[in-house]
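Quick caveat, the model's predicted, so the values are computed rather than measured. The analysis underlying the following values was restricted to heavy atoms, covering all of them including side chains, and did not include hydrogens, waters or symmetry mates. Numbered from 1 within each chain, the chains take letters A, B, ... in sequence-line order.
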Amino acid sequence: MEGVVNSDIIIIILATGIRLATPYLLAALGEMFVQRSGVYNLGVEGIMMMGAFAGFYATLQLGSPLLGIVISLVIGALMGLLMALVSVTFKAEQGISGIGLYMFGWGLSGLLFRLYVGGITSVEGLKAIKIPFLSNIPFFGPVLFDHNGLVYTAFLLVPLTGFILFKTSWGLNVRAVGNKPEAADTLGVSVVRIRYQCLIVGGMLAALAGAFLTIGQANMYADNITAGRGFIAIALVYFGRWSPWGILLGSLLFSLADSFQSMVQVLGINFPYELAVILPYMVTIIALAISYGRVWAPAALGKPFQRGTRG
Amino acid sequence: MAENIEHLEMCGITKRFPGVLSNNNVNLQIKTGEVLAILGENGAGKTTLMNILYGLYQPDAGKILINGKPVNINSPREAIALGIGMVHQHFMLVPTLTVCENVILGLSKSFLVDLKTATQRIKEITATYGLAINPDAYVWQLSVGEQQRVEIIKALYRGANLLILDEPTAVLTPQESNELIELLRNMSAQGNSIILISHKLHEVMALSDRVTVLRDGEVCADVLTRETSQEALAQLMVGREMAACQRGGTFSPGKTVLEFQDVYAQGDKETEALAGVSLTIREGEILGIAGVSGNGQKELAEVIAGLRKVTEGKLYLNGKESTKMSPAWIIQQGLGYIPEDRLHVGTIPSFSIWENLILKDHHLAPYAKHLLLQNQVIMSHSSSLVEKYGVKTPNLETPTGKLSGGNIQRVILAREITRSPVALVAAYPTRGLDIGATEYLHSKLLEARSQGIGVLLISEDLEELLSICDNIAVLYEGRVMQVMPVEEANERILGLLMAGIAEEAS
Ligand SMILES: Nc1ncnc2c1ncn2[C@@H]1O[C@H](COP(=O)(O)OP(=O)(O)OP(=O)(O)O)[C@@H](O)[C@H]1O
Ligand SMILES: [Mg+2]
């Protein structure tokens, strides 16, 4: 095997990369809406943990991964609502509230797992859906068209969120609220309502990203299953300059590097192992360092809105 | 769409902020087709009153009647629905959106944004009133005058027939101001009512039918424009007679304190903003920089303050080269700077008045000793400055951003002048100031001059330049057209030079 890289291995690396990109895409697209409206939610990781547990537990109890998804969406919406209450209504410092939300999600999901499940239990998760005809295309078929529903959803969300953000009235309101809330307010756009909506949508997508990990990939729940992916998703929003296509690019870059490093380990490809493991993180940090520019950020990011304050 | 506003009345409006009574029992009325001007010193409560009418603030007492019926205006949305539009003192546009998107923001009830129909309607409006604008341009690309037009279109698009304009000409060039006045005349002729806040009395005289004067939050006069005069209005506003400042004493300049040698610099959009500027400013001299804004004035001031890179050429401050020096070094060498954006560059809005007053010297004696701030010294120093410079404020702890424009300018002036700089750069220092404050600022600049400070005064107001400068340089497209002693200058010559016409002028 040593030194041999045939097309099967490339297919596996690419297909795995696509699959691994899913949680990043879901969480980052959600966070994109949140930040576009002028709030940053650092609690994505905590919401993902709650979503991961809720999806897993509902599937375990109800025997249906679809119901698992629905339950995790509800939990995500509630977590988003909580963040909105704290950071929009009570105007708490957003960074601190986000960290708080993360710790809350982390503690609660772990506690619930120990109380109601305890040990390693596996569930019957989502099945791969082979797209007829397309999955038979050589090379592209297995890479692109042999995944479960959440993978397709995540990728379809890229053009869809772009459309929502740039072509719909709601998207226009979101962009205005995140850049100049006073202006939106003087035109009768409710800054508070838009930020609530974005945080709820962001929470749902983060929870979905978590559910993907338990019922779309591992088919079980383990402590710390999210492994910092929520934080990486936040970095990807900056990397992608708050645009769905940029986020897609970042997610793929990161997940392909990740898939490559795992294949290096599994197949024993001749590549320094230590380097392979840090590769995805290195790629992200380098990409962030060269791409980050304040110019692209929503101007009101991180600033609570209060009508009638000057300056 | 609601019925047209035939008659609007605000009765007994009172509004209190912590420590200030901003409006006290104010009455005001306007009928259709009328242009009402609101005059008053900085901090008199004009903006507050208009924000109440537009639903941004709730009055503590008083009511609003439209066509005789009382109405409640709890939010801008309700004001818009009643046919009220407002152009704010600080523009309310989203820079990252296009003109068209800004105009329709908050209006569209449909799922998709219909930019096509909107563009069409914007074109109709611009044609009716003769407002030239490209609906697809991004707002950040527009000049200040164009942004103003977008604000007006925004109001008209919403079917406003009462338009409030809060100091619309404060940031416009003289030419843009004239265009705006023409437009407003046209609008009132078509049956719209207009409420205009302005500190420029000649505009008020030219445009308005009636004038309401506010002083310390109360109405002190309500007169017909044709029955009054500029002088009478000025007196009503400040409550005393005004005398325009004149340059006194002989002009005896000392050694050079600030020198430009063939300086080049880039603007924000990476175009050449300064293209070989050479100037000298001496002790005890006020050098005026005339020119239509956008011809390099902003960059000129920033280059001296060390806030913008010089790409070519040299700068000298007090005899030492300052071309590549940091702002901190330049400040310590004795440069005073009154920036164009007084709220965000000149002060830190959320800092208290005393903090802003010692901002540049907080680490030096007598304000600091062994790493600690000397509160007693600072407080007594600050309160004496606040008194001497007449800053209107509830107390020293008030965040500077809560002060009115004129009072923020006084805080900056107090800080910059008491540091006894060798040179003082003032960029549009009287923008948005009332006539009392303007007069005061002029007297302070002249005082600085008599103390031997070299002053560089950037202004669009030719009257101002002609009355207090010793020499005037005209800046056009990043170049100095000509430097001349004030005795040789007049508005016509300067006007021609500002338009880039050199031969005929000389
Ligand atoms: N949001 C606020 N919070 C606290 N004080 C305020 C607020 N808005 C206005 N004030 C105070 O109310 C007074 C009136 O301010 P206002 O802005 O109405 O004055 P103005 O007449 O518009 O002055 P200018 O000519 O400088 O624009 C000032 O003393 C100001 O400090
Ligand atoms: Mg005002």
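With a 4.5 Å cut-off on non-hydrogen atoms, B:Tyr54 touches chain A through its side chain but not through its backbone. Of the two parts of B:His90, neither the backbone nor the side chain holds a non-hydrogen atom closer than 4.5 Å to a non-hydrogen atom of chain A. With a threshold of 4.5 angstrom between heavy atoms, B:Asn102 approaches chain A through N, CA, C or O but not through any side-chain atom.
The CG atom of A:Asn173 lies 11.0 Å from the CD atom of B:Glu101; values are rounded to the nearest 0.5 Å. With rounding to the nearest 0.5 angstrom, the CG atom of A:Leu172 is 8.0 Å from the CG atom of B:Leu115. Separating the OG1 atom in A:Thr186 from the CE atom in B:Met86 is a distance of 9.0 Å, to the nearest 0.5 Å. To the nearest 0.5 Å, atom CG of residue B:Leu107 and atom OG of residue A:Ser169 are 10.0 Å apart.
Residues B:Arg158 and A:Leu187 form a side-chain contact, since some pair of their non-hydrogen atoms from C-beta on lies under 4.5 Å apart.
Heavy atoms only, all atoms of each residue included: A:Gly188 and B:Arg77 are closest at O-NH2, 2.7 Å.
Other residues, nucleotides and ligands contribute more than 12 heavy atoms inside 6.0 Å of the CZ atom of B:Phe91. The number of heavy-atom neighbours closer than 6.0 Å to NZ of A:Lys91, taken from other residues, nucleotides and ligands shown, is above 12. The environment of A:Tyr152 atom OH is dense: over 12 non-hydrogen atoms of other residues, nucleotides or ligands sit within 6.0 angstrom.
Contact count versus chain A (heavy atoms, under 4.5 Å) is highest, among B:Val94, B:Val113, B:Leu97, for B:Val113.
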